[in-house]
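These notes concern the structure reproduced below.
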Amino acid sequence: MRTVSGAELRSVLHHRMLIERLRQTFRAGVESPPAHRHRVETYGTGDAALLIAPAWEVNQAIGVRIDSVFPDNAGSDLPQTQGVYLLVDGKTGVPQVLMDSSAALGRRSGAASSALAASYLARPDAERMLVVGTGPLALELVEAYTAVRPIRHVLVWGRDPQKARKLAARFHRPKFRIEATADLEGAVRGADIVACATTAREPLIRGDWLQPGQHLDLLGGVTPDMREADDDCIRRARVFVDSRDRTPAEAGDIAQPVSSGVLNPDDIAGDLFELGRGERAGRRFYDQITLFKAVGTSLADLCAARLATEMVLHNDSIR
């Protein structure tokens with residue numbers, strides 16, 4: 001069985017290629033049952049969690065993502081979420097590849113899913129992007145979005161301005177400007193695309209800041225008690241999700257407005273399956289505000305793992 005490190009995954013999983021593979025996979029669909037989440041008691045201040053997310057394509061491949069979440073790691077040099085992804089041959093059941101899921105696979109597949117949604121929902125001429133959050137997903141989002149839209153200027157906002165400045169300094173590309181900002185409202189008002197990847201529990205983005213033609217991408221807030229955008233964002237935008245089956249129940253940015261009556265589940269305009277199959281239209285007109293909310297899908301992980309395996313095994317064969 002081949003073992004693939006996070007560094008090796010990053011070297012073979014290029015965003016443009018992954019986004020197009022995701023487009024094909026969402027169009028075709030895979031078997032993607034609900035993920036399992038188990039509470040794990042610890043001797044620390046907070047309990048841990050074990051997440052198990054399977055998916056498979058009949059007679060092709062089976063994948064299982066296994067992540068551990070240890071909140072107490074925030075006080076040390078260890079990441080809170082760590083995990084592995086196991087890819088198994090769908091015809092024989094033979095394990096093929098074991099790879100680092102949290103360091104590269106999960107982040108890259110999540111960012112690619114957001115960029116795939118933006119290919120349907122963001123204006124074709126979108127050049128100015130705001131990234132809200134300074135975690136590991138921030139630069140992945142910038143890289144992914146530049147594969148689908150002509151991004152030229154990026155602002156980064158974080159609760160810690162020093163982290164935002166450090167993150168901006170890490171990105172270097174000719175004819176591309178990336179800067180930190182302390183003015184969240186002004187940055188939202190001036191952006192074509194606003195991409196959030198935070199652990200916020202109270203809304204950061206206000207609906208009265210949004211401008212005609214913007215696209216709002218909410219990648220954080222993956223539990224019912226977390227929010228990145230307020231109810232006015234939901235009221236003003238045409239709302240899309242990555243999965244109708246999971247997102248309205250699991251993501252606070254959708255679950256809370258549904259619970260309060262601000263959003264009717266039937267008013268969700270579409271998900272990535274419907275967009276990929278052409279069953280629902282994306283952006284309808286230039287001045288429309290669009291909103292995409294993701295909680296992550298095991299489909300995206302399986303797609304990324306299969307593509308990475310193909311690339312790694314190809315590289316092995318030519319060495």
Side-chain angles (χ1 to χ4, degrees), residues 22 25-26 29-40 47-56 63-69 71 80-81 83 101 106 109-111 113-114 116-117 120-121 133 137 195-205 207 216-277 279-280 282 290-303:
L22 277 172
T25 306
F26 273 107
V30 305
E31 296 295 326
S32 180
H36 303 270
R37 184 183 182 98
H38 302 278
R39 183 173 66 87
V40 179
D47 287 339
L50 179 67
L51 310 177
I52 304 171
W56 61 87
V64 183
R65 180 174 172 178
I66 306 171
D67 283 348
S68 63
V69 183
Q80 295 184 53
T81 301
S101 69
S109 64
S113 294
S114 283
L116 174 61
Y120 299 109
L121 304 177
L137 263 174
C196 301
T198 73
T199 57
R201 296 190 175 273
E202 298 294 333
L204 294 168
I205 310 300
L216 177 59
D217 176 18
L218 305 175
L219 195 57
V222 294
T223 64
D225 60 343
M226 299 172 74
R227 290 289 296 266
E228 292 186 306
D230 68 7
D231 286 347
D232 281 341
C233 290
I234 301 296
R235 292 188 182 98
R236 297 193 61 195
R238 189 159 181 250
V239 176
F240 294 81
V241 295
D242 56 347
S243 169
R244 284 186 185 273
D245 293 339
R246 292 183 54 208
T247 311
E250 296 181 23
D253 284 295
I254 303 297
Q256 291 182 35
V258 167
S259 177
S260 65
V262 169
L263 177 68
N264 188 315
D266 292 336
D267 290 333
I268 294 174
D271 65 12
L272 284 177
F273 297 93
E274 295 165 324
L275 289 168
R277 294 165 183 162
E279 297 170 354
R280 294 298 180 99
T290 54
L291 182 152
F292 176 68
K293 177 60 197 174
V295 292
T297 67
S298 55
L299 175 151
D301 291 331
L302 178 61
C303 174

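The model shown is predicted, which means the values in this text are computed figures rather than measured ones.
You'll find the side chain of P54 reaches within 4.5 Å of the side chain of P33, heavy atoms only. The closest side-chain heavy-atom distance from I52 to R65 is not below 4.5 Å. Two residues are said to be in side-chain contact when any heavy atoms from C-beta on lie closer than 4.5 Å; T199 and M226 meet this criterion. A heavy-atom distance below 4.5 Å is not found between the side chains of L291 and F240. Inter-residue side-chain proximity for R235 and V262 is flagged as met; some heavy-atom pair is nearer than 4.5 Å.
Pairing each heavy atom of R244 with each of I268, the nearest pair is NH2-O, 2.9 Å. The minimum heavy-atom distance linking L121 with T290 is given by the pair O-OG1, 3.3 Å. Between S260 and D231, the shortest heavy-atom contact is OG-OD2, 4.4 Å. Looking at every heavy atom in both residues, G133 comes nearest to T198 through CA-CG2, 3.9 Å. Residues A300 and L22 come closest through the heavy atom pair CA-CD2, 3.6 Å. Listed here is the closest heavy atom pair of L218 and A229: CD1-CB, 3.8 Å.
Rounded to the nearest 0.5 angstrom, F26 CZ and S113 OG are separated by 4.5 Å. Remark: L299 CG to S32 OG distance equals 6.0 Å, nearest 0.5 Å. Considering CZ of R227 and CD1 of I254, their distance stands at 8.5 Å, rounded to 0.5 Å.
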- [ ] Assess whether side-chain contact (heavy atoms from CB on, under 4.5 Å) is satisfied between I205 and C196, documenting all intermediate values.
- [x] CA-CA 9 Å; I205 310 300; C196 301; 3.7 Å; yes
Open item on the list: Between L50 and I66, does the side-chain contact (heavy atoms from CB on, under 4.5 Å) criterion hold? Intermediate values first, please.
Closed with: CA-CA 7 Å; L50 179 67; I66 306 171; 3.9 Å; yes
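The environment of E202 atom CD is sparse: at most 12 non-hydrogen atoms of other residues, nucleotides or ligands sit within 6.0 angstrom.
A side-chain contact (heavy atoms from CB on, under 4.5 Å) with P257 is found for one member of V239, L263, N264, D230 and no other, namely L263. Of the options L272, L275, L116, L216, a side-chain contact (heavy atoms from CB on, under 4.5 Å) to F292 is made by L272 and by none of the others.
A donor-acceptor pair is defined here as one N or O able to donate and one able to accept, closer than 3.5 Å; no such pair exists between the side chain of E228 and the backbone of P203. Of the possible donor and acceptor atoms, one in the side chain of D242 sits under 3.5 Å from a partner among the backbone N and O of G296. In this structure a side-chain-to-backbone donor-acceptor pair under 3.5 Å is present from E274 to D271.
With sequence neighbours excluded, no residue forms a salt bridge (charged side-chain N to carboxylate O under 4.0 Å, His left out) with D217.
Salt-bridge check for R201 with D225: passed, with a basic side-chain N closer than 4.0 Å to an acidic carboxylate O.
Judged by distance alone, the side chains of S243 and T297 never bring a donor and an acceptor atom under 3.5 Å apart.
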